[in-house]
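Worksheet: one structure, shown below.
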Amino acid sequence: MRSNYHNPVLLKETVDGLAIKEDGVYVDVTFGGGGHSREIMSRLGERGKLIAFDQDEDARRNVIEDDRFVLINENFRYIKRFLKFYGVKKVDGILGDFGVSSHQFDVAERGFSTRFDADLDMRMNQKGSVSAYDVVNEYEETDLRNVLKVYGELRNASAIAREIVSARKTELIKTSDQLKEVLRRFLPKFKEHKILAQIYQAIRIEVNQEIEVLKEFLLQTPDLLDKGGRLSLISYHSLEDRLVKRFIRDGMFEGKPEKDFYGNINVPFKKVKGLVVPSEEEIKENNRARSAKLRIAEKL
Ligand SMILES: C[S@@+](CC[C@H](N)C(=O)[O-])C[C@H]1O[C@@H](n2cnc3c(N)ncnc32)[C@H](O)[C@@H]1O
């Protein structure tokens with residue numbers, strides 16, 4: 001289903017990954033336009049249940065009117081707490097389609113897109129306390145450099161951070177056009193969009209603490225999933241994908257899991273299939289799909 005709000009990526013593959021049981025309980029932690037959620041609902045029976053999360057209040061307009069569905073307008077970093085509040089202790093599958101929706105990119109005032117001039121914002125949760133303005137105008141130069149280097153994978157992160165810090169001493173950088181002007185010399189014509197997109201991505205990940213949130217979320221999943229329950233997760237950034245991949249393999253983000261007395265490794269998941277990526281056809285239809293990486297795991 002095509003929607004103006006968001007066109008779901010790897011729709012069939014991601015929902016197939018959940019191996020839906022008709023009377024199962026599922027969670028979609030990134031509801032957005034509800035494309036994946038609607039597909040899950042279409043596979044549930046009368047006794048099935050779907051609980052969805054989205055921290056963006058705009059996502060509420062896509063709510064599914066159905067007794068088997070609940071939308072929680074909160075950050076999925078608190079998944080366990082909110083599921084408990086709704087009386088849910090164990091679930092049969094969790095779907096995540098991380099990052100931002102097309103809607104968030106398309107509304108100029110949200111500040112996510114390099115296409116428009118807007119106030120520096122980029123908060124997925126409109127009530128969030130840190131915006132792109134704070135990162136650009138308040139961060140120490142070294143912190144800004146790290147954000148640009150690690151999240152934006154920018155080779156000249158140091159020079160870009162220096163330029164921002166020097167410019168904001170004369171005048172605070174309030175809008176995306178101002179930021180573009182400050183960074184003009186780093187944006188050669190033929191690469192302007194690509195580099196700007198990397199800078200925006202880095203700031204967005206920092207504003208929304210996307211890496212920390214992903215880790216906190218992943219660490220709660222083994223406890224929440226019943227044996228045989230599925231994780232079906234789409235990432236769009238190499239850092240995210242690496243975290244998901246390692247967590248599925250080792251149950252941790254760094255290092256190697258310890259072996260027990262008998263040499264067995266105690267890990268919470270087994271992977272189902274290898275990496276799944278969109279077909280060329282899907283990418284041609286939906287350019288946003290180009291960097292998607294889907295990983296599926298089963299709780300042991
Ligand atoms: C790529 S879109 C998901 C699109 C959705 N699968 C669909 O089919 O329409 C990601 C959504 O997740 C939400 N989101 C991202 N991080 C979140 C978080 N930590 N907590 C809650 N929602 C989050 C965003 O606001 C956005 O609406």
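Whatever order the structure lists them in is the order used to number ligands and atoms, beginning at 1. Each residue takes its place number in the sequence, starting with 1.
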Give the residue, atom name and distance (to 0.1 Å) of the protein heavy atom nearest [atom].
| atom | value |
| --- | --- |
| atom 14 (N) of ligand 1 | Met124 SD, 3.8 Å |
| atom 19 (N) of ligand 1 | Asn75 OD1, 2.8 Å |
| atom 27 (O) of ligand 1 | Asp54 OD2, 2.6 Å |
| atom 9 (O) of ligand 1 | Gly33 N, 2.8 Å |
| atom 20 (N) of ligand 1 | Phe76 N, 2.9 Å |
| atom 10 (C) of ligand 1 | Gly99 O, 3.2 Å |

With a 4.0 Å heavy-atom cut-off (strictly under), which part of Thr30 contacts ligand 1: side chain, backbone, both or neither?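 Both backbone and side chain.
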Which bit of Leu11 gets closer than 4.0 Å to ligand 1, counting heavy atoms only: side chain, backbone, both or neither?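 Answer for Leu11: neither.
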For [X] and ligand 1, answer yes if some heavy atom of the residue is under 4.0 Å from a ligand atom, otherwise no.
| X | result |
| --- | --- |
| Glu210 | no |
| Arg77 | no |
| Gly34 | yes |
| Glu74 | yes |
| Phe98 | yes |
| Phe31 | yes |

Over 12 foreign heavy atoms within 6.0 Å of [atom1], [X]:
| X | atom1 | result |
| --- | --- | --- |
| Asn266 | CG | no |
| Lys149 | NZ | no |
| Asp67 | CG | no |

Ligand 1 N/O within reach of Tyr236 N/O, cut-off under 3.5 Å: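 No: no nitrogen or oxygen of Tyr236 is under 3.5 Å from one in ligand 1.
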Output the list of atoms in ligand 1 that are nearer than 4.0 Å to some heavy atom of [X], sorted by atom number.
| X | value |
| --- | --- |
| Gly35 | 7 (C), 8 (O), 9 (O) |
| Asp56 | 25 (O) |
| Val213 | 19 (N) |
| Gly32 | 9 (O), 27 (O) |

Answer yes if the side chains of Glu210 and Tyr151 hold a donor-acceptor pair under 3.5 Å, and no otherwise.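 Checked: Glu210/Tyr151 side chains show no N/O donor-acceptor pair below 3.5 Å.
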Regarding Thr14 and Glu39, is there a side-chain donor-to-acceptor distance under 3.5 Å anywhere?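 No donor-acceptor contact under 3.5 Å links the two side chains.
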Quick one: do Arg38 and Asp28 make a salt bridge, cutoff under 4.0 Å?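 Judged by the 4.0 Å cut-off on N to carboxylate O distance, Arg38 and Asp28 do not form a salt bridge.
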Taking 4.0 angstrom as the limit, do Arg246 and Asp250 come out as a salt bridge?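 No, Arg246 and Asp250 are not salt-bridged.
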How are the rings of Phe76 and Phe217 set relative to one another: parallel (under 30°), tilted (30 to 60°) or perpendicular (over 60°)?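 Because their plane-to-plane angle is over 60°, the rings of Phe76 and Phe217 count as perpendicular.
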Does NZ or CZ of Arg288 fall inside the cone over Tyr236's six-membered ring, less than 6.0 Å from its centre and within 45° of the axis?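 Cation-pi check for Arg288 and Tyr236: passes.
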Which is closest to atom 22 (N) of ligand 1 by heavy-atom distance: Gln55, Arg123, Glu216, Arg288?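 Of the listed residues, Gln55 has the closest heavy atom.
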For the side-chain contact (heavy atoms from CB on, under 4.5 Å) test, which of Ile40, Ile51, Leu50 pairs with Phe69?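 Answer to the side-chain contact (heavy atoms from CB on, under 4.5 Å) test with Phe69 among Ile40, Ile51, Leu50: Leu50.
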Pairs of donor and acceptor atoms involving the side chains of residues 81-92, under 3.5 Å and at least two apart or interchain, shall be tabulated with distances.
unit_1, atom_1, unit_2, atom_2, d
Lys90, NZ, Asp223, O, 2.7
Asp92, OD1, Lys21, NZ, 3.2
Asp92, OD2, Val25, N, 2.8

So, applying salt bridge (charged side-chain N to carboxylate O under 4.0 Å, His left out) with Glu192, which one of Arg185, Arg115, Arg184 is it?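 Among Arg185, Arg115, Arg184, the one meeting salt bridge (charged side-chain N to carboxylate O under 4.0 Å, His left out) with Glu192 is Arg184.
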